[in-house]
Student: 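Provided herewith is a single structure, encoded as structure tokens, for subsequent inquiry.
Model, not experiment: these values are computed from the prediction. Counting starts at 1 for both ligands and their atoms, following the listed order.
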Amino acid sequence: MRIAMISEHASPLAILGGEDAGGQNTHVAELSAALAAAGHDVRVYTRRDAVDLPVAVRSADGYDVVHVPAGPAEPVAKDALLPHMREFSRWLVDRWRGGDWTPEVIHAHFWMSGLAALAASRQTGVPVVQTYHALGVVKRRHQGVQDTSPARRIGYERELGRAVDRVVAQCRDEVGELTRMGVPRSRMTVVPSGVNLGTFAPLGPTAEREDGRARILTVGRLVERKGFQTVVRAMAYVPGAECVVVGGPPAGLLETDPYARRLRALAVSCGVADRVRLVGAVPREEMGRWYRSADVLVAAPWYEPFGLTPLEAMACGVPVVGTAVGGIKDTVVEGVTGDLVPARDPRALGAAIQGLLDDRIRRFAYATAARERARRRYSWAATAERLVEVYGDVAAVRRPTRVVA
Ligand code: UDP
């Protein structure tokens, strides 16, 4: 099939760890690679955010990345991108109408991509599949006034859910949220993200570690909702272990990163500064080294639309202690592949980590089951196959086109 992925802010070629570069980038890159490997013709459309970017690049994984000129050719925070989506969609329509390549299906990632996709669809008749990756209602609930999303995000997300041809939810929790928003269940299909079982495997190079000191690893964009502060506080209940935090800006810029500074200050005030280490952003291909070096992966977000990092750790045969939120409740099987605790509870988190560190046999059993679960249920090849079925279903029904003013 000819498949157009739209990922306005999250390029599959970006360096990860920064504020707006994480799971969606990985998801789009891996999914596109798996679809290309299965013989599909995939083009990923992402915003041109630097002047020196060529219009199209062929990735090493066999799909094309097209840089769409919409808004300034420089980094723009994701929450400021909405005004440029009309230009984004116009550019797509011009291309698809005038060129030799028109997609059979558009798969939009994140709500703003959905708006651009829907506008393009109305003029070209190409059906739209929508993956939200994150929902405004959930963000607003947890972040309140600190949520900098455009005010109309929640309304747009509801409308999108009703207007697109299919919504792909990534976990059961998301189905519940979408249903409460008023998106009909009949429009949804649940297809979880996958994990790269080649990159993330138990055997392979391992990051160095100190002898005799257990390692807790936690990974993600350095933003508050990822709960790194809870992890730092929990370290007071896990004496003797070190905590390694992967993510954020490149190591050299951690000193000036406000959130990294806050985390370090918190570690000092909790008396754990000598056991908390921030390493900054790590390239995707090197992440396996860090997971394999850990005894336990801790994922302590306040909320999590899917959560790739627990799954990546599981694929490496590393047990997870996570918060019982969002997609983590689906990927981690409590008492089988890891333990779940309430969010924002350092004491509960610390007790769960220490309990697991104290029990080698349980750790081993979790590790084995985690690897097995990741391998059997979360390969990208399987995810791509399920999505191709969805694409086929929606492409079989061509949409009417109409010119939108
Ligand atoms: N990641 C990375 N380098 C880093 C930090 C994160 O490659 O320094 C990757 C990580 O391996 C995972 C993604 O970024 O694939 C984060 O995805 P997740 O779903 O955990 O969080 P999100 O960014 O979607 O909130």
Student: Please determine if Gly220 has a nitrogen or oxygen closer than 3.5 Å to a nitrogen or oxygen of ligand 1.
Tutor: no
Student: Can you name the atoms of ligand 1, numbered from 1 with element, that are less than 4.0 Å from a heavy atom of Arg225?
Tutor: 25 (O)
Student: Distance under 4.0 Å to a non-hydrogen atom of Gly247: what atoms of ligand 1 satisfy this?
Tutor: 5 (C), 8 (O)
Student: Minimum heavy-atom separation for Gly326 to Cys171, with atom names?
Tutor: C-SG, 4.0 Å
Student: Check for me whether Glu286 has a heavy atom closer than 4.0 Å to any atom of ligand 1.
Tutor: no
Student: Using a 4.0 Å heavy-atom cut-off, say whether Thr26 meets ligand 1 through its side chain, its backbone, both or neither.
Tutor: side chain
Student: I'd like to check which ligand 1 atoms, numbered from 1 as shown, lie under 4.0 Å from a non-hydrogen atom of Gly22.
Tutor: 13 (C), 14 (O), 16 (C), 23 (O)
Student: Hey, does Pro283 come in under 3.5 Å of ligand 1, counting only N/O atoms on both sides?
Tutor: no
Student: Shortest non-hydrogen contact from Asp173 to Lys329?
Tutor: OD1-NZ, 3.3 Å
Student: Against heavy atoms of Val246, which atoms of ligand 1 measure under 4.0 Å?
Tutor: 8 (O)
Student: By the salt bridge (Lys or Arg N to Asp or Glu O under 4.0 Å) test, which pairs, at least two apart or in different chains, include something from residues 194-209?
Tutor: Arg209-Asp295
Student: Taking both backbone and side-chain atoms of Val282, is any N or O found less than 3.5 Å from an N or O belonging to ligand 1?
Tutor: yes
Student: Before accepting this row, confirm whether a basic side-chain N of the pair Glu286/Arg289 lies closer than 4.0 Å to the acidic partner's carboxylate O.
Tutor: yes
Student: If you look at every heavy atom in Pro127 and Val394, which pair is closest and at what distance?
Tutor: CG-O, 3.7 Å
Student: Hey, is Glu210 close enough to Arg215 for a salt bridge, meaning N to O under 4.0 Å?
Tutor: no
Student: Measure His133 to ligand 1 on non-hydrogen atoms and call it side chain, backbone, both or neither using the 4.0 Å cut-off.
Tutor: neither
Student: Nearest 0.5 angstrom please: Arg97 CZ to Thr102 OG1, how far?
Tutor: 10.5 Å
Student: When you measure from atom 13 (C) of ligand 1 to each heavy atom in Gly23, Gly327, Ala299, Ala14, which option holds the nearest one?
Tutor: Gly23
Student: Under 3.5 Å, is there a donor-acceptor pair between the Thr131 and His107 side chains?
Tutor: yes
Student: Could Asp41 and Arg2 be called an ion pair, given the rule that one side-chain N must be under 4.0 Å from one carboxylate O?
Tutor: no
Student: Relative to the heavy atoms of Gly307, which atoms of ligand 1 are at a distance of less than 4.0 Å?
Tutor: 19 (O)
Student: Which ligand 1 atoms are under 4.0 Å away from a heavy-atom of Lys226?
Tutor: 21 (O), 22 (P), 25 (O)
